[in-house]
Amino acid sequence: MIEKQISRGIIHTYFEKMEKCLELDVAIVGGGPSGIVAAYYLAKKGLKVALFDRKLSPGGGMWGGAMMFNQLVIQDEALDIIKEFGINYNNYDDGLYTADSIESTSALLYHAVHAGATIFNCYSVEDVVFKNNVVSGVVVNWTPVLREGLHVDPLNIMAKCVIDGTGHDSEICKVVARKNGIKLNTATGDVIGERSLDVSEGERCVVEGTKEIYPGLFVCGMASSAVGGTPRMGPIFGGMLLSGKKVAELIMQRIGK
Ligand code: 48F
């Protein structure tokens, strides 16, 4: 019966894939440009990495360009990454390039998975696991469960390192700050607890802010900028790509790869 074979094929292989990811080297929260690029470089080095995005289509702010004009602007510092992913680009102005956002997003996702990263869509990370005061995993649930406010417990995924790539909302940093009485210097003025997390400053804040922000928790992309209190940036993507590469390098040093 073909109908039964189809159902069984999906169920078996999905849960096989999920079971393999119960213990990771790196769990990435958020599938925007920075998170996907991090997944790619980490997987390429042979690390066991999974990325969780709450949306049906990971890609974050890339698909829509700006105001749904589906082009991206990339600084020349990030051009090597664009080339590595085989994305077509055009020189637009001094040191600035443009690329099609649909081609770019799909290329990032394709290469990350092809390099060995596993991407789970429709997963929302609602919490982290602490072991001896080190962030040691993520707590996940189906996005529709949270959206509907259903009383359904989440599952835990353990990881040596966690990356917050959740964009402007810095969701995982906020969870960690709240649980540890840390003050976050966010653009939105969230002030939580006493200690201060000083993450980033300067024009290239997104890349400079990319760091291990708490034992076991790394931050990249707009999440690092937002936590550092820098204002919302325009839709310029080179910094996101560089930040993803940098966080991967930091983790590889940490894990000794
Ligand atoms: O915002 P986003 O694209 O992150 P990014 O890599 O890139 C920022 C740029 O797109 C743009 C910009 C450029 O100048 O400013 O905004 O920093 O993608 C963040 C992703 O994280 C997912 C969300 O669905 C999006 O795809 N996300 C956010 N919170 C969670 C999450 C969560 N708690 N669990 C799972 N996914």
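For ligands, and for the atoms within them, numbers begin at 1 and follow the listed sequence.
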Checklist entry - Would you say Met62 has any N or O atom under 3.5 Å from an N or O of ligand 1, going by distance alone? => result no

Next on the checklist: Which option wins on minimum heavy-atom distance to atom 7 (O) of ligand 1: Pro33, Pro58, Gly221?
Outcome noted: Pro33

Checklist entry - Under 4.0 Å from any heavy atom of Arg54, which atoms of ligand 1 are there? => result 24 (O), 28 (C), 29 (N), 30 (C), 31 (C), 32 (C), 33 (N), 35 (C), 36 (N)

Checklist entry - Would you say ligand 1 has an N or O under 3.5 Å from any N or O of Val125? => result yes

Checklist entry - What atoms in ligand 1 come closer than 4.0 Å to a heavy atom of Phe237? => result 9 (C), 10 (O)

Checklist entry - With side chains defined as the heavy atoms from C-beta onward, is the minimum distance between Tyr89 and Leu72 less than 4.5 Å? => result no

Checklist entry - Any idea which part of Asp169 is under 4.0 Å from ligand 1, heavy-atom wise: side chain, backbone, both or neither? => result neither

Checklist entry - Hey, which atoms in ligand 1 end up nearer than 4.0 Å to a heavy atom of Gly61? => result 2 (P), 3 (O), 10 (O)

Checklist entry - Going by the atom numbers of ligand 1, which of them fall below 4.0 Å from some non-hydrogen atom of Gly30? => result 20 (C), 21 (O), 22 (C)

Item to check | Distance-only donor-acceptor check, side chains Ser243 and Thr210, under 3.5 Å | outcome: yes

Checklist entry - For the residue pair Phe52 and Phe120, does the interplanar ring angle fall in the parallel (under 30°), tilted (30 to 60°) or perpendicular (over 60°) class? => result parallel

Checklist entry - Can you find a heavy atom in the side chain of Ile163 that is under 4.5 Å from one in the side chain of Leu42? => result yes

Item to check | Atom indices of ligand 1 within 4.0 angstrom of Gly31 heavy atoms, with elements | outcome: 20 (C), 21 (O)

Checklist entry - Within the structure, does Ser124 bring an N/O atom to less than 3.5 angstrom of an N/O atom in ligand 1? => result no

Item to check | Heavy-atom side-chain proximity of Ile81 to Tyr41 below 4.5 angstrom | outcome: yes

Checklist outcome for this item: For Val29, the atoms of ligand 1 under 4.0 Å from one of its heavy atoms are 32 (C), 34 (N), 35 (C)

Next on the checklist: Classify the ring geometry of His114 against Tyr110: parallel below 30°, tilted from 30° to 60°, perpendicular beyond 60°.
Outcome noted: parallel

Item to check | Any Ile157 side-chain heavy atom under 4.5 Å of Leu24 side chain | outcome: yes

Checklist entry - Is the NZ atom of Lys48 crowded by more than 12 outside heavy atoms at less than 6.0 Å? => result yes

Item to check | Location of contacts on Tyr123 toward ligand 1, heavy atoms closer than 4.0 Å | outcome: backbone

Checklist entry - For ligand 1, which atoms, with element, lie under 4.0 Å from some heavy atom of Gly60? => result 3 (O), 18 (O), 25 (C), 26 (O)

Checklist entry - Nearest to atom 33 (N) of ligand 1 by heavy atom, His168, Met240, Glu171: which? => result Glu171

Item to check | Distance filter under 4.0 Å to Ser34 heavy atoms, resulting ligand 1 atoms | outcome: 5 (P), 6 (O), 17 (O)

Next on the checklist: Quick check: do Asn180 and Asn133 have side-chain heavy atoms less than 4.5 Å from each other?
Outcome noted: yes

Checklist entry - Side-chain contact, heavy-atom cut-off 4.5 Å: Met18 with Leu155? => result yes

